[in-house]
Amino acid sequence: MKIAWKEMRKNKTKFLILGSIIFLVSFLTFIISGLANGLSQDNAALIKDLPEGRFYLNENAKQTYNLSKIDTGLQDEVLKEHPEATAFSVQMGFVNDAEDKQHSVAFVTSTESDVFENVKEGEIVLDSSLKEDGIRVGDVLTNNQFSGEFVVKGFVDKKKYSHAPVAYINITNYQEMYRVMEMQTIFVPGKDAPAYNGLESFSNKTFLNAIPSYSAEQMSLNMIIWFLVVISGMLFAIFFYMMNVQKIGLYGILKAIGMKTIALFKMIWFQMIAITLVALALSIGLSQLFNFVAPEGMPFHLTLDTVLMLSAVFLVVGFVGATISGFQIKKIEPLQAIQLGEM
């Protein structure tokens, strides 16, 4: 390891350039990952915050939430078998405040449950982000599809659906507004839930794909993240390959005096790990700092689990890239390498 360290000190400019590139790539990856997680929460916090369980949609809905309508008789059967279960529906809409200003919301209604807000007729419970628009408890809101008025009874924290704040309303009011009697889905908490004829079952994770725009949005961002990870691996492979070409003569001398090939590989791995750890430490620190200085309202959410996973991936990809670049070392013949190094 002393040789590897001496080489890094001697060629500090080359290794500094590589480290800077890895830092920029990893920092960009962490930022995009934080935005992806933030947008995920902003798009489906209502669903993601639910406990583990099973979701049921009508089997004719083609795995699309908006197309699902649960038969009332079947709904009653499921809720009777599972008292802790709930049937719920979500529709996009808007409310008008006292100044007739419109606010986009996602109307949510459900049967009585512990996982959703239970709201009486004529009442509404809103996501706390609407406080920024000047809405307060006791305010009266209206909707063009509703003959009555809504009185704001309270707020909930960080409940979003399709990037809109959630508005919990009573089932009777919901049915009047959207002229529909059937609920869209049934949620049964717990891992063990039976199958029902006419219903298709989903886990928490797979149900998110039934939400319009969610899977497409996340797929696009995740493709960018993994593309950046692959680029980092290619950078290591190209950099160490060029370094190894320049050091063929040195490797020939080291082999001639008895150094084993595995020792040369360890030298490359040590340099790769040192560069990656320093770059990751800086990028993690700055990405966490970005979490505090990001503009208010920007959906940025970088968890420790995501940071640890991406850091491990960067180390593995860097290891693979550095190892691939070192395969030429195995083929080096000491005498031939020394002669090439002298040319």
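Numbering of residues begins at 1 and proceeds along the displayed sequence. Quick caveat: nothing in here was measured; it's all calculated off a predicted structure.
- Although no hydrogens or angles enter the test, the distance criterion places no donor-acceptor pair under 3.5 Å between the side chain of D76 and the main chain of G73.
- Within the 4.5 Å cutoff, no side-chain heavy atoms of T206 are placed close to those of F55.
- When all heavy atoms of N96 and Q102 are compared, the pair lying nearest together is OD1-CG, 2.9 Å.
- Side chain of N170 to backbone of V119: a donor-acceptor contact under 3.5 angstrom is found.
- Between F187 and F88, the ring centre distance reaches or exceeds 6.0 Å.
- I22 CD1 to L282 CG: the interatomic distance, rounded to the nearest 0.5 Å, is 12.5 Å.
- The two atoms that bring V317 and S232 nearest to each other are CG1-OG, 3.9 Å, heavy atoms only.
- Side-chain heavy atoms closer than 4.5 Å link hydrophobic residues (I, L, V, M, F, W, Y) into clusters, and following such links, possibly through other members, connects L228 to I31.
- Between F23 and V278 there is no side-chain heavy-atom pair separated by less than 4.5 Å.
- The aromatic rings of W269 and F265 lie tilted to each other, with the angle between the two planes from 30° to 60°.
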Test side chain to side chain contact (heavy atoms under 4.5 Å, CB included) applied to V95 and I124, step by step: CA-CA 10 Å; V95 290; I124 190 169; 4.2 Å; yes
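- In this structure, V125 is not a member of the same hydrophobic cluster as V152, with clusters built from ILVMFWY side-chain heavy atoms closer than 4.5 Å.
- Here the NE2-CE distance, from H163 to M92, works out to 9.5 Å after rounding to the nearest 0.5 Å.
- Side-chain contact between S129 and K160: present, with at least one pair of heavy atoms (C-beta onward) separated by less than 4.5 Å.
- Taking a 6.0 Å sphere around CE of M234, one finds it holds 12 or fewer heavy atoms contributed by other residues, nucleotides or ligands.
- Shortest non-hydrogen contact noted between H103 and D133 is ND1-OD2, 3.2 Å.
- Of the possible donor and acceptor atoms, none in the side chain of T109 sits under 3.5 Å from a partner among the backbone N and O of Y174.
- Rounded to the nearest 0.5 Å, atoms CD (E77) and NE2 (H82) are 9.5 Å apart.
- What you find for N173 and G122 is that their closest heavy atoms are OD1-N, 2.8 Å.
- The ring of F239 has its center closer than 6.0 angstrom to the ring center of F15.
- A pairwise comparison of heavy atoms in V137 and G154 identifies CG2-CA, 4.1 Å as the closest pair.
- Remark: L57 CG to E59 CD distance equals 11.0 Å, nearest 0.5 Å.
- Linking ILVMFWY side-chain heavy atoms closer than 4.5 Å, directly or via other members, places I273 and L235 in a single hydrophobic cluster.
- The side-chain heavy atoms of V180 and Q91, taken from C-beta on, include no pair separated by under 4.5 Å.
- Side-chain atoms of L302 and V307, non-hydrogen and from C-beta on, do get closer than 4.5 Å to each other.
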Side chain to side chain contact (heavy atoms under 4.5 Å, CB included) between N143 and M177, intermediate numbers included: CA-CA 8 Å; N143 179 277; M177 290 171 60; 3.7 Å; yes
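- Residues T29 and S26 have side chains that never bring a donor and an acceptor to within less than 3.5 angstrom of each other.
- Of the possible polar contacts, none joining the N209 side chain to the Y214 backbone as a donor-acceptor pair under 3.5 Å is found.
- In this structure a side-chain-to-backbone donor-acceptor pair under 3.5 Å is present from T111 to A87.
- The aromatic rings of F207 and Y65 sit perpendicular, their planes meeting at an angle over 60°, well past the 30° parallel limit.
- Between atom CE of residue M272 and atom CG of residue L18 there is a gap of 11.0 Å, rounded to the nearest 0.5 Å.
- With no hydrogens or angles considered, no side-chain donor-acceptor pair links K158 and S128 at under 3.5 Å.
- In terms of heavy atoms, M181 sits closest to Q175 at O-NE2, 3.5 Å.
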Criterion side chain to side chain contact (heavy atoms under 4.5 Å, CB included) on L74 and L199, from CA distance to verdict: CA-CA 9 Å; L74 186 54; L199 298 180; 3.4 Å; yes
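- Using the six-membered ring where Trp is involved, F150 and F107 have ring planes that are tilted, between 30° and 60° apart.
- Proximity of a side-chain donor or acceptor of Q218 to a complementary backbone N or O of A36 within less than 3.5 Å is detected.
- Using modelled atom types, one side-chain atom of S68 and one backbone atom of N58 make a donor-acceptor pair closer than 3.5 Å.
- A side-chain donor from one of N37 and T306 sits under 3.5 Å from a side-chain acceptor of the other.
- Checking each of F30, F290, F292 against F300 for a ring-ring contact (aromatic ring centres under 6.0 Å, His included) leaves exactly one that passes, namely F290.
- V320 and I275 fall within the same hydrophobic cluster, defined by Ile, Leu, Val, Met, Phe, Trp and Tyr side-chain heavy atoms under 4.5 Å apart, directly or through other members.
- Of the possible polar contacts, none joining the S40 side chain to the G38 backbone as a donor-acceptor pair under 3.5 Å is found.
- Counting heavy atoms from C-beta outward, E121 and I171 have side chains that stay 4.5 Å or more apart.
- In this structure, K12 places its NZ atom where only 12 or fewer heavy-atom neighbours from other residues, nucleotides or ligands lie under 6.0 Å away.
- Of the possible polar contacts, one joining the S89 side chain to the Q184 backbone as a donor-acceptor pair under 3.5 Å is found.
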Stepwise side chain to side chain donor-acceptor pair (under 3.5 Å) test for Y168 and S110: CA-CA 9 Å; Y168 293 99; S110 69; over 6 Å; no
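- Taking hydrophobic clusters as Ile, Leu, Val, Met, Phe, Trp and Tyr residues chained together by side-chain heavy-atom distances below 4.5 Å, I135 does not share a cluster with F94.
- Using a 4.5 Å cut-off on side-chain heavy atoms (C-beta onward), L221 and L35 make no contact.
- Residues D157 and D127 have side chains not in contact (no heavy-atom distance under 4.5 Å, counting atoms from C-beta outward).
- Donor-acceptor pairing under 3.5 Å is lacking for the side chains of E200 and Y56.
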Derivation and outcome, side chain to side chain contact (heavy atoms under 4.5 Å, CB included), residues L28 and I32: CA-CA 6 Å; L28 182 59; I32 295 177; 3.9 Å; yes
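- Taken from OG in S311 to CE in M309, the straight-line distance is 9.5 Å, to the nearest 0.5 Å.
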